[in-house]
Amino acid sequence: MAKADFKVPELQEYPEIPALVEGTMAHSKPFLSKPEFQAELGFPGELVDGWEGKAIAKMGELLGKYRSFQVYLDSCVKCGACTDKCHYYLGTQDPKNMPVGRQDLLRKVYRRYYTFAGKYFPKLVGAADLTREVLDDWYSYFHQCSQCRRCSVFCPYGIDTAEISMAAREIMDSIGVGQKYCNEIIGKVFKIGNNLGLPGPALEDTLEGLEEDVLDDTGVAVKYPVNQKGAEILLVTPSADFFAEPHVDGLIGYGKVFHEAGVSWTLSTHASEAANFGMFIGSYENMRRVSMRVREAALELGVKRIVFGECGHAWRVAYSFLNTLAGPWDFLDPNYPVPQHIMEFTWDQIQKGNLKLDKSKNDDKVLTYHDSCNVARASRMGDKPGGQFDIPRAVIKAVCNQFVDMPADTIRESTFCCGGGGGLLTDDLMEVRVKGAKPRMEALHTVVEENGVTHMAAICAICKSQFTKVLPYYGMDMDQIVSVHQLVSNAIVLTGQISEEDEGEAAEEEAED
Ligand code: SF4
Ligand code: SF4
């Protein structure tokens, strides 16, 4: 069990709605972004003079730009349906982590400055001035929302707290109050091309290492190309795929699938990152700047298709915004979706019978599947409703014999966030990450106990990193989280692959000689 300097919630046999504990997470605040990171993104370096008026003006600008923002602020009837739906409330018991409580932190200021009743009878309508105390609350609690949209599924008006959270972060950035983790990372993408600041030569070395590993394991020369002009497919994948576990095992799997499909593909050092943290800070301008790198790489390399690797929010940005942010994509092959998800690609190859799969290679595992929130509630896959739930499960079942779903109220559109999404995957937020993971850990624990599940698969880089870190806090092992394409990689039998039997026979012959 990992040690914590906070109380790790106990997993319960049956999920319970916890009692309220006011202010219990008020101390949780991520590190502030340094002035140099702010400047890179076009934001003031520190809290500006006259910040109150500037924040209110920024709120007015967003209300004018995004009608949904105003509708969400106006339409809550305090019905309470969302109150027990947020994993951060369930894990922390703090009422300001109830979706409606979180929204009201901003709504009360909106009412004060932008509604008639709030201007003249503030107390009657719960309106409040924007003070330093309110700003501190915003910084704390809008960084305890992973923008997962679970609450919006249960709200009768479809109020999306994620959008309110994004707007709050954008207002704070505009007055010089940015979050270090997100803003530093976005700056790295602008300078180097990926979140981790991995330079081109390091990337090339890693990919060469993967080629050697696959050759040693299988006897087949599978290529992991980078900056290959004229390749058919540009793969845009999270940079964690280049080195982190279990992400890299997924990247090995993508390469094997492309190899067997007989398509040429390439990575790009210019767009060596699928993640787009511009979304987390609610900044469409920064989201656009990151997305433009994908367009520039596609044009430079002359590819015909774009495929995204296993990354939840990257797929949300790609699926929902790539066309408007960086399109038109009229130079790509119109016979394929723009963009396409690697799960769609692999499922298509499986259906066409292009992949030889030996499911028994995963017989040491009983799998379950974690629907990543961004994939589940902010995107689709394939050409049928629900494809984002069905296609990953279909791929897992095609490569594994043993699969069990977690309880129905914790999967598909009701899935719980891993606890580390929305720009919270940083060590300075470990307490809220661990506590926010509780509902997913509870659901996983249920199928571990009742069905003998040994591993949970995911298609999101943040989920994989988060679970690797938090599983030990709940008495489970960090390697119980696996990439879906890691399972594909285990099962795929490459054309010309040396089988274990062949290896055994060769060893016997060598011994006889
Ligand atoms: S979007 Fe997700 S994290 Fe944010 S309040 Fe709703 S349920 Fe909680
Ligand atoms: S479910 Fe919707 S309307 Fe009801 S309290 Fe929550 S945000 Fe307001």
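Atoms within a ligand are numbered from 1 in the order they appear, just like the ligands themselves. Here, residue 1 is the first one in the sequence, and each next residue gets the next number.
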Check: Can you tell me if Tyr88 and Asp94 form a side-chain donor-acceptor pair at under 3.5 Å?
Finding: no

Margin query: Taking the basic N atoms (NZ, or NE/NH1/NH2) and the acidic carboxylate oxygens, is any pair closer than 4.0 Å for Arg412 and Asp390?
Written below: yes

Notebook entry, point to check: How far is atom 3 (S) of ligand 2 from its nearest protein heavy atom, and which residue and atom name does that atom have?
Noted result: Val77 N, 3.6 Å

Check: Is atom 8 (Fe) of ligand 2 under 2.8 Å from any N, O or S atom of Cys82?
Finding: no

Next item on the list: Establish, from distance only, whether the side-chain atoms of Ser239 and Glu273 form a donor-acceptor pair under 3.5 Å.
Entry: yes

Notebook entry, point to check: Does NZ or CZ of Arg150 come closer than 6.0 Å to the centre of the six-membered ring of Phe416, within 45° of the ring's axis?
Noted result: yes

Note to self: Under a 4.0 angstrom heavy-atom cut-off, which atoms of ligand 2 come close to Gln103?
What the structure shows: 7 (S)

Margin query: Between Gln179 and Ser33, is there a side-chain donor-acceptor contact under 3.5 Å, judged purely by atom types and distance?
Written below: no

Check: In terms of atom number and element, which parts of ligand 2 are under 4.0 angstrom from non-hydrogen atoms of Cys76?
Finding: 3 (S), 5 (S), 7 (S), 8 (Fe)

Check: Can we say Asp74 and Arg111 salt-bridge, meaning some charged N sits less than 4.0 Å from an Asp/Glu carboxylate O?
Finding: no

Next item on the list: Identify which of Gly158, Ala81, Gly101, Cys155 has a heavy atom lying nearest to atom 2 (Fe) of ligand 2.
Entry: Cys155

Item checked: For atom 4 (Fe) of ligand 2, the protein heavy atom that lies nearest, with its residue and separation -> Cys79 SG, 2.3 Å

Next item on the list: Anything under 30° is parallel, anything over 60° is perpendicular, the rest tilted; go ahead and classify Tyr120 against Phe116.
Entry: tilted

Check: Which distance, rounded to the nearest 0.5 Å, do you find between the NE2 of His370 and the CG of Asp405?
Finding: 12.5 Å

Check: Where does Lys78 meet ligand 2, judged by heavy-atom distances below 4.0 Å: at the side chain, the backbone, both, or neither?
Finding: backbone

Checklist line | Polar protein atoms (N, O or S) that approach atom 8 (Fe) of ligand 1 to under 2.8 Å | finding: Cys86 SG

Checklist line | Pair Lys435 + Glu431, salt bridge at N-O below 4.0 Å | finding: yes

Note to self: As an exercise, identify every atom of ligand 2 less than 4.0 angstrom from a heavy atom of Pro156.
What the structure shows: 1 (S)

